[in-house]
Enquirer: 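Mind having a look at this structure? Questions to follow.
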Amino acid sequence: QMQLVDSGGGSVQAGGSLRLSCTASGDIDNTYCMAWFRQAQGKERERVAFMYTGSGSTGYDQRVQGRFTISRDNTEHTLYLQMNSLKTEDTAVYYCAAERISLTYCPAAYSPASFGSWGQGTQVTVSS
(Lines give C-alpha, C1' and ligand atoms only; values in the text may rest on other atoms or scores of the structure.)
Protein backbone atom coordinates (compact mmCIF):
# COMPACT_ATOMS: atom_id res chain seq x y z
CA GLN A 1 0.00 0.00 0.00
CA MET A 2 1.04 3.54 -0.61
CA GLN A 3 2.54 5.47 2.31
CA LEU A 4 1.11 8.95 2.76
CA VAL A 5 2.37 11.85 4.88
CA ASP A 6 0.07 14.78 5.64
CA SER A 7 1.33 18.25 6.45
CA GLY A 8 0.37 21.91 6.34
CA GLY A 9 -2.15 22.18 9.13
CA GLY A 10 -2.12 24.99 11.66
CA SER A 11 -4.14 27.65 13.40
CA VAL A 12 -5.76 30.49 11.49
CA GLN A 13 -8.50 33.01 12.02
CA ALA A 14 -11.80 32.72 10.27
CA GLY A 15 -11.52 33.93 6.70
CA GLY A 16 -7.93 32.80 6.41
CA SER A 17 -6.33 30.17 4.20
CA LEU A 18 -4.22 27.06 4.54
CA ARG A 19 -2.79 24.60 2.06
CA LEU A 20 -2.51 20.98 3.10
CA SER A 21 -0.09 18.60 1.43
CA CYS A 22 -0.10 14.84 1.17
CA THR A 23 3.14 13.32 -0.06
CA ALA A 24 3.08 9.78 -1.36
CA SER A 25 5.88 7.25 -1.13
CA GLY A 26 5.62 6.44 -4.81
CA ASP A 27 4.04 7.46 -8.05
CA ILE A 28 0.42 8.41 -7.95
CA ASP A 29 -0.49 6.94 -11.28
CA ASN A 30 -3.76 7.24 -13.12
CA THR A 31 -5.58 4.50 -11.27
CA TYR A 32 -6.25 6.07 -7.92
CA CYS A 33 -9.12 7.65 -6.11
CA MET A 34 -7.50 10.23 -3.83
CA ALA A 35 -9.43 12.05 -1.15
CA TRP A 36 -9.25 14.42 1.76
CA PHE A 37 -11.26 13.55 4.84
CA ARG A 38 -11.68 15.40 8.08
CA GLN A 39 -12.73 14.41 11.55
CA ALA A 40 -13.85 16.91 14.13
CA GLN A 41 -13.72 15.99 17.79
CA GLY A 42 -16.58 13.69 18.68
CA LYS A 43 -17.76 13.36 15.10
CA GLU A 44 -17.42 10.81 12.34
CA ARG A 45 -14.80 11.10 9.63
CA GLU A 46 -16.25 12.80 6.58
CA ARG A 47 -15.02 13.22 3.03
CA VAL A 48 -14.55 16.80 1.91
CA ALA A 49 -12.90 16.43 -1.51
CA PHE A 50 -11.82 13.75 -3.92
CA MET A 51 -10.00 13.33 -7.20
CA TYR A 52 -9.86 10.50 -9.70
CA THR A 53 -6.28 10.63 -10.94
CA GLY A 54 -7.09 9.10 -14.32
CA SER A 55 -9.12 12.02 -15.54
CA GLY A 56 -8.39 14.62 -12.89
CA SER A 57 -12.09 14.88 -12.14
CA THR A 58 -12.85 16.26 -8.71
CA GLY A 59 -15.75 16.49 -6.31
CA TYR A 60 -16.49 18.35 -3.13
CA ASP A 61 -18.77 18.20 -0.17
CA GLN A 62 -21.29 21.00 -0.38
CA ARG A 63 -19.99 22.52 2.83
CA VAL A 64 -16.62 23.27 1.21
CA GLN A 65 -17.66 23.71 -2.41
CA GLY A 66 -16.24 26.97 -3.75
CA ARG A 67 -13.81 27.36 -0.84
CA PHE A 68 -11.59 24.26 -1.06
CA THR A 69 -9.62 23.03 -4.07
CA ILE A 70 -8.02 19.62 -4.44
CA SER A 71 -5.07 19.33 -6.80
CA ARG A 72 -2.14 17.09 -7.59
CA ASP A 73 1.51 17.55 -8.50
CA ASN A 74 2.66 14.48 -10.37
CA THR A 75 6.34 15.33 -10.27
CA GLU A 76 6.34 15.67 -6.49
CA HIS A 77 3.95 12.77 -5.85
CA THR A 78 1.87 15.20 -3.82
CA LEU A 79 -1.82 15.87 -3.35
CA TYR A 80 -2.92 19.27 -2.11
CA LEU A 81 -5.97 20.79 -0.49
CA GLN A 82 -6.14 24.56 -0.78
CA MET A 83 -8.56 25.87 1.82
CA ASN A 84 -9.79 29.45 1.56
CA SER A 85 -12.38 31.44 3.49
CA LEU A 86 -11.99 29.09 6.41
CA LYS A 87 -14.77 28.88 8.97
CA THR A 88 -14.70 27.78 12.59
CA GLU A 89 -16.68 24.70 11.60
CA ASP A 90 -13.76 23.62 9.38
CA THR A 91 -11.77 22.86 12.54
CA ALA A 92 -10.79 19.18 12.42
CA VAL A 93 -7.97 16.75 11.82
CA TYR A 94 -7.56 16.39 8.07
CA TYR A 95 -6.43 13.15 6.46
CA CYS A 96 -5.57 12.25 2.92
CA ALA A 97 -6.45 8.82 1.62
CA ALA A 98 -5.79 6.77 -1.47
CA GLU A 99 -7.20 3.66 -3.04
CA ARG A 100 -6.29 2.06 -6.35
CA ILE A 101 -9.49 1.44 -8.26
CA SER A 102 -10.54 -0.24 -11.49
CA LEU A 103 -13.31 2.25 -12.08
CA THR A 104 -12.91 5.42 -14.12
CA TYR A 105 -14.27 7.68 -11.42
CA CYS A 106 -14.39 8.00 -7.65
CA PRO A 107 -17.75 6.73 -6.46
CA ALA A 108 -19.66 9.17 -4.33
CA ALA A 109 -20.47 6.27 -2.06
CA TYR A 110 -16.82 5.69 -1.12
CA SER A 111 -16.62 5.84 2.65
CA PRO A 112 -13.48 5.86 4.81
CA ALA A 113 -13.61 2.06 4.83
CA SER A 114 -13.13 2.08 1.05
CA PHE A 115 -9.63 3.55 1.32
CA GLY A 116 -6.63 1.41 2.20
CA SER A 117 -3.91 4.05 2.49
CA TRP A 118 -4.05 6.95 4.93
CA GLY A 119 -1.92 9.81 6.04
CA GLN A 120 -1.36 10.38 9.73
CA GLY A 121 -3.54 13.49 9.81
CA THR A 122 -2.85 17.17 10.29
CA GLN A 123 -4.74 19.46 12.66
CA VAL A 124 -6.56 22.51 11.32
CA THR A 125 -7.90 24.97 13.89
CA VAL A 126 -9.96 27.97 12.82
CA SER A 127 -10.72 30.60 15.43
CA SER A 128 -13.30 33.36 15.32
Side-chain angles (χ1 to χ4, degrees):
Q1 291 182 342
M2 183 182 291
Q3 303 298 313
L4 303 173
V5 178
D6 301 328
S7 63
S11 297
V12 295
Q13 289 191 322
S17 299
L18 283 172
R19 188 177 77 160
L20 306 184
S21 299
C22 170
T23 303
S25 58
D27 288 342
I28 306 175
D29 63 24
N30 293 331
T31 63
Y32 279 91
C33 181
M34 305 287 295
W36 285 98
F37 286 81
R38 68 185 181 189
Q39 188 166 18
Q41 193 168 7
K43 296 187 177 181
E44 293 186 351
R45 193 168 296 190
E46 60 185 18
R47 191 172 72 175
V48 296
F50 64 87
M51 172 186 284
Y52 172 61
T53 60
S55 63
S57 62
T58 59
Y60 299 90
D61 182 270
Q62 61 180 8
R63 290 165 290 186
V64 307
Q65 180 78 47
R67 300 188 296 121
F68 290 13
T69 303
I70 188 171
S71 64
R72 164 191 171 203
D73 185 324
N74 293 346
T75 61
E76 295 185 358
H77 313 311
T78 302
L79 184 76
Y80 298 102
L81 185 69
Q82 177 67 43
M83 305 186 296
N84 298 327
S85 302
L86 283 161
K87 304 177 180 181
T88 55
E89 52 263 44
D90 294 320
T91 295
V93 179
Y94 284 71
Y95 302 87
C96 71
E99 181 66 18
R100 177 165 273 159
I101 60 175
S102 57
L103 302 173
T104 58
Y105 61 95
C106 287
Y110 265 24
S111 67
S114 302
F115 291 83
S117 298
W118 288 87
Q120 82 285 3
T122 185
Q123 175 71 46
V124 172
T125 303
V126 185
S127 59
S128 59

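None of the values given here were measured: they were computed from a predicted structure.
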Enquirer: Measuring from D29:CG to H77:NE2, what's the distance to the nearest 0.5 Å?
Expert: 11.0 Å

Enquirer: Below 4.5 Å, heavy atoms only, C-beta onward: do I101 and Y52 meet side chain to side chain?
Expert: yes

Enquirer: Calculate, to the nearest 0.5 Å, the distance between atoms CD1 and CG belonging to I70 and L79 respectively.
Expert: 4.5 Å

Enquirer: Measure the spacing between CZ of R45 and CZ of R47 and express it to the nearest 0.5 Å.
Expert: 14.0 Å

Enquirer: Measuring only between side-chain heavy atoms, which start at C-beta, is S7 closer than 4.5 Å to T122?
Expert: no

Enquirer: What is the distance from atom OG of S85 to atom CG of D90, rounded to the nearest 0.5 Å?
Expert: 9.5 Å

Enquirer: Here's a test for you: under side chain to side chain contact (heavy atoms under 4.5 Å, CB included), which of P112, S114, C106 qualifies with Y110?
Expert: S114

Enquirer: Please find the pair of heavy atoms, one from Y95 and one from G121, that lie closest to each other, and give the distance.
Expert: CD2-CA, 3.5 Å

Enquirer: With a 4.5 Å heavy-atom cut-off, do V124 and R38 have their side chains touching?
Expert: no

Enquirer: In Å and rounded to the nearest 0.5 Å, what is the CG to OG1 distance from L4 to T23?
Expert: 9.0 Å

Enquirer: Measure the CZ-CH2 distance between F50 and W36 for me, rounded to the nearest 0.5 Å.
Expert: 16.0 Å

Enquirer: Is there a side-chain contact between D61 and F68 (heavy atoms, below 4.5 Å)?
Expert: no

Enquirer: May I ask you to test the D73-Y80 pair for a side-chain heavy-atom distance under 4.5 Å?
Expert: yes

Enquirer: Quick one: are M34 and C96 in side-chain contact, heavy atoms under 4.5 Å?
Expert: no

Enquirer: A92 and A40: which non-hydrogen atoms are nearest, and at how many Å?
Expert: CB-N, 3.7 Å

Enquirer: Any chain of hydrophobic side-chain contacts (each under 4.5 Å) joining M51 to W118?
Expert: no

Enquirer: What are the two closest heavy atoms between A35 and F115, and how far apart are they?
Expert: CB-CZ, 3.8 Å

Enquirer: Around atom CD of Q41, are there more than 12 heavy atoms of other residues, nucleotides or ligands at under 6.0 Å?
Expert: no

Enquirer: Say whether V93 and V64 are linked into one hydrophobic cluster, either directly or through other cluster members, by side-chain heavy-atom distances under 4.5 angstrom.
Expert: no

Enquirer: Any sub-3.5 Å donor-acceptor pair from Q120's side-chain atoms to D6's backbone N or O?
Expert: yes

Enquirer: When you group the ILVMFWY residues by side-chain heavy-atom contacts below 4.5 Å and let the links chain together, are Y94 and M2 in the same group?
Expert: yes

Enquirer: Work out which heavy atom in T78 is nearest to a heavy atom in S21; give both atom names and the distance.
Expert: CG2-CB, 4.1 Å

Enquirer: Within the 4.5 Å heavy-atom criterion, are T91 and Q123 side-chain neighbours or not?
Expert: yes

Enquirer: For residues E46 and R63, determine if any side-chain heavy atom of one lies less than 4.5 Å from a side-chain heavy atom of the other.
Expert: yes

Enquirer: Under 4.5 Å between side-chain heavy atoms, counting indirect links through other Ile/Leu/Val/Met/Phe/Trp/Tyr residues: same cluster for V48 and Y32 or not?
Expert: yes

